[in-house]
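All ligand and atom numbering here is 1-based and tracks the order in the structure. Computed from a predicted structure; not experimentally measured.
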Amino acid sequence: MIALVAGAIIGIIANITVAGNEVAKEFLNSLINTVAHPVGQIFLRMLFIVVVPLVFASLASGVAGLGDLSKLGKIGGRTLLFFLTTSTFAAIVGITLLEVVRPGDGFDPAAREMLMKSYASQATEIQSKTGDVVATGTLAVVNQILDMFIPRNITKAITEMQMIPLIVFSLLLGAALTKIAGDKRDAMLKWLDAWTESMITIVGFAMKLAPYAVFCLIFGVTARFGLDLLQKLGIFVFLILFGYATVLFIFYPFLLKILTKRNPIEFMRNASPIMITAFSLSSSNGTLPTTIRVSETALGIRPKIASFVLPLGATMNMNGTALFEGAVVLFIAQVFGIELSIMQQILVVALCVISAVGVAGIPGASLPLLMIVMAQVGVPPDGLAIILGVDRILDMGRTVINVMGDVVCAAYINEVEEKV
Ligand code: ASP
């Protein structure tokens, strides 16, 4: 926490100090590239490197350990319902805030043109990625959904870090293990448990680096951040951060209070390493090893529950993303003077919830899908350029909300599925 605050403050001071001085700016840039960047990256990569083996081993052994597959169906059903309900609530929060305050009305047209121009090439680059995510024609859509869940080639899916196929394969393996001879199953379970434990130990090594890496990652962001943009988009950014805070400090504690017997303040305090990691990395996948480790050790969530709910959540449950997407669609519509009817707003909520499921847990992954949502309701997708300059800070925030949504869900399942 100290490193996070210090990194942010020193970064902002550096940003202000070098403003208008090209030589100093150049020096700051090379300092970030040669020192801050590698330190941050070592931490990030040490976490990323364990994601695949950790999800595979912990999920397969978790499912095999359940013994009875009907239990899996029940846990799965509850988990998905929780994901869906919380994402819908978050999207509604985002839309309501923007509809009530309407910060896009009367947005300075000169600022709009300036932002559209400065970020046009980035917007085009993101738009080019939307082609990869939308298939046209019924057969293509069906095949795309099949590919998303059961690819033909698991190793190819894994090398592309596609989490859902990895989850499906691990579930299948776990299910198969419950059906084979006891001595073989036990040998395999031992092997899988050793893998899980070793991966968690590597996360422990990475966490030793965390304070330095968090400092460097945050310093790199704030030192380069366009503070002038923050003035132009101040109310919009504030509203989204306010929305995140509402979900994190009111909605989640409320759920913890009514669905589990836990003390929300203590829970949040114990979960702080997860939040700091998510904030620094802007990646649910990258945070996953920390999420699993801290949930099992500091939050007392049973490994069988954590290893099932958390990887699924890191891929499918994105409450912060749903909130952000809904708010952006409304903001850009307001900036362009487009009125969205109530029916269109309901459609936006549905599209945000669905697209948040498809968003990968990596930085900025929601942007191409967000452009598709915008196009569906008649908001110009290239208008996304207006907010691109502040997206990094919003991404850091939404990743915290995304990951904490998974942790709250795991705490809930841990409570209701007592016998597992
Ligand atoms: N960065 C987010 C995450 O990993 C995804 C996004 O909304 O871009 O959870």
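- With Gln345 contributing its side chain and Leu340 its backbone, the two residues share a donor-acceptor pair below 3.5 Å.
- Both cation-pi conditions hold for Arg112 and Phe336: the charged atom is under 6.0 angstrom from the six-membered ring centre and inside a 45 degree cone around its axis.
- Of the candidates Leu370, Val359, Val353, Val357, Thr321 forms a side chain to side chain contact (heavy atoms under 4.5 Å, CB included) with just one, namely Val359.
- Asn285 places no side-chain N or O within donor-acceptor distance of the main-chain N or O of Ile362, the cut-off being under 3.5 Å.
- Seen from the ring of Phe324, Arg398 counts as a face-on cation partner, given the 6.0 Å and 45° thresholds.
- Side chain to side chain, Glu325 and Ser366 fail the donor-acceptor criterion of an N or O pair below 3.5 Å.
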List ligand 1's nitrogen or oxygen atoms that come under 3.5 Å of a protein nitrogen or oxygen, with the partner atom and distance.
unit_1	atom_1	unit_2	atom_2	d
ligand 1	1 (N)	Ser282	O	3.0
ligand 1	1 (N)	Ile362	O	3.2
ligand 1	1 (N)	Asp395	OD1	2.7
ligand 1	1 (N)	Thr399	OG1	3.2
ligand 1	4 (O)	Ser284	N	2.8
ligand 1	4 (O)	Ser284	OG	3.3
ligand 1	4 (O)	Gly361	O	3.4
ligand 1	4 (O)	Ile362	N	3.4
ligand 1	7 (O)	Thr321	OG1	2.7
ligand 1	7 (O)	Ser366	OG	2.9
ligand 1	7 (O)	Arg398	NE	2.7
ligand 1	8 (O)	Ala365	N	3.0
ligand 1	8 (O)	Ser366	N	3.0
ligand 1	8 (O)	Ser366	OG	3.0
ligand 1	8 (O)	Arg398	NH2	3.2
ligand 1	9 (O)	Ser284	OG	2.5
ligand 1	9 (O)	Asn402	ND2	2.8

